[in-house]
Amino acid sequence: MDETKITQKYDFLECEDGAVLFSQLVEALKRGAHIQYEGDKTLFLYLNKYIDNLTAYFERHENISIIPAGSGNELYYFTLYHPVLRGNYSVERSSLPKEHILIALLLYKAYYIDHNIELTSVKKFVALIRVDMPDLKKHVQRLLVKTKGSKERFTETNDIRIEQEVQRAFKNFHKLRWINLKEDDFTILPAFQRITREFADYINYIDEWLKEE
């Protein structure tokens, strides 16, 4: 192989801080993080600059694909894992539990459909479920119990269970870089739109879906 082509193939390691940035990228991909400008400017610019060679490297050596989504300032990257060969990535990566997908759908509904764009607090989101979604709250409670595999019944006095599960879900969303989370405050990142790729039908009819489940 031509020496120039070999150098270009691994140019992502030869650039300034290339080894450090590559290591950070591997760690981020291992935990399922979405890479975007707003979430991590330095890592995003690194990946975006060397996207062709990095994509080829991960597909060849790690059996994963780096997928672009969004556009302009909301461009982000995420990974798809080939079902049979996952290389060394299977240890740290796991899918979101069903109850956290449910909470993500409710957050999407609250923020994008119901236009609660001032929603920046986890506690306010919990209060919104309790107070502003009274018709859906009992269905949320029931589904959280169902997905946890518990025979326990929710009551009006133990709404704390909803708050606890929301807190766990938001920590997962931060890990995926769907949101930025600092204590109780959060901001939604462009990659949160990923949920529309996977669950668009549920988002459009979430009220009916919750009641039918």
Side-chain angles (χ1 to χ4, degrees), residues 1-97 100-101 103-104 107-108 111-112 120 122 168-200:
M1 180 181 292
D2 185 274
E3 185 175 344
T4 302
K5 291 183 179 180
I6 294 176
T7 302
Q8 291 175 343
K9 184 177 179 180
Y10 296 101
D11 55 357
F12 54 83
L13 289 175
E14 302 300 326
C15 67
E16 183 178 359
D17 296 327
V20 173
L21 290 169
F22 179 75
S23 178
Q24 292 176 354
L25 179 64
V26 169
E27 190 277 330
L29 296 180
K30 284 174 67 175
R31 70 173 188 270
H34 295 63
I35 312 298
Q36 61 215 297
Y37 185 90
E38 188 176 344
D40 191 332
K41 176 182 175 181
T42 301
L43 203 57
F44 172 83
L45 292 176
Y46 169 72
L47 175 57
N48 198 51
K49 182 176 181 178
Y50 301 104
I51 184 62
D52 291 338
N53 285 344
L54 282 167
T55 297
Y57 174 88
F58 281 106
E59 287 182 347
R60 180 178 178 84
H61 298 286
E62 305 294 349
N63 300 295
I64 65 174
S65 298
I66 299 176
I67 309 297
S71 60
N73 294 333
E74 297 192 344
L75 174 67
Y76 63 91
Y77 295 96
F78 65 94
T79 54
L80 289 181
Y81 291 71
H82 296 278
V84 177
L85 299 173
R86 288 187 175 183
N88 297 323
Y89 289 82
S90 60
V91 175
E92 298 185 29
R93 179 182 179 273
S94 60
S95 300
L96 279 176
H100 292 182
I101 294 173
I103 291 167
L107 177 58
Y108 188 95
Y111 192 85
Y112 289 104
T120 58
V122 178
R168 283 191 283 267
F170 272 61
K171 288 179 181 178
N172 258 339
F173 301 159
H174 178 77
K175 184 178 178 182
L176 292 173
R177 306 304 290 137
W178 281 2
I179 66 169
N180 252 335
L181 180 65
K182 293 183 179 179
E183 297 181 352
D184 184 64
D185 295 327
F186 72 91
T187 54
I188 291 179
L189 297 175
F192 187 64
Q193 293 289 344
R194 169 84 190 280
I195 198 169
T196 64
R197 294 173 61 102
E198 311 296 335
F199 303 102

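Numbering starts at 1 and runs along the sequence shown. Only a predicted model underlies this, so the values are computations on that prediction, with no experimental measurement involved.
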Separation between CZ of R31 and CG of L176, rounded to the nearest 0.5 Å: 9.0 Å
Please list, chain by chain and in numerical order, all residues satisfying side chain to side chain donor-acceptor pair (under 3.5 Å) with N172, sequence neighbours excluded. H100
Would you please classify the geometry between the F44 ring and the Y77 ring as parallel, tilted or perpendicular, with 30° and 60° separating the classes? tilted
Across all chains, not counting sequence neighbours, the side chain to side chain donor-acceptor pair (under 3.5 Å) partners of E74 are none
Taken to the nearest 0.5 Å, the spacing of Q24 CD from D40 CG works out to 7.0 Å
Determine the minimum heavy-atom distance between L43 and L21, stating which atoms define it. CD1-O, 3.6 Å
How many angstroms lie between atom NE2 of H34 and atom CG of L29, to the nearest 0.5 angstrom? 10.5 Å
Is there side-chain contact between W178 and L96, with heavy atoms separated by less than 4.5 Å? yes
Interatomic distance, CD1@I195 vs CG@L107, rounded to 0.5 Å, equals 8.0 Å
Is it the case that more than 12 heavy atoms not belonging to Y37 sit under 6.0 Å from its OH atom? no
Relative to each other, are the rings of Y112 and F192 parallel, tilted or perpendicular (30° and 60° limits)? parallel
Does Y57 use its side chain to pair, donor to acceptor, with the backbone of K9 at less than 3.5 Å? no
L47/I66 under side-chain contact (heavy atoms from CB on, under 4.5 Å): CA gap, chis, key distance, verdict: CA-CA 10 Å; L47 175 57; I66 299 176; 4.1 Å; yes
Across all chains, not counting sequence neighbours, the side chain to side chain donor-acceptor pair (under 3.5 Å) partners of D184 are S121
Over 60° means perpendicular and under 30° means parallel, so classify the ring planes of F22 and F58, tilted if in between. parallel
Between G18 and Y46, the two heavy atoms sitting closest are O-OH, 3.6 Å
Please tell me if the side chains of P190 and L75 come closer than 4.5 Å, counting only heavy atoms from C-beta onward. no
After noting the C-alpha distance and the side-chain angles of R177 and I35, does the key distance pass the side-chain contact (heavy atoms from CB on, under 4.5 Å) rule? CA-CA 7 Å; R177 306 304 290 137; I35 312 298; over 6 Å; no
Working for side-chain contact (heavy atoms from CB on, under 4.5 Å), residues N180 and H174: CA-CA 6 Å; N180 252 335; H174 178 77; 3.9 Å; yes
Between atom CG of L189 and atom CZ of F173, what is the distance when rounded to the nearest 0.5 Å? 12.5 Å
I need the T79 OG1 to K30 NZ distance, nearest 0.5 Å. 12.5 Å
Measure from NZ or CZ of R194 to the centre of the six-membered ring of Y76 and say whether it is under 6.0 Å with the direction within 45° of the ring axis. no
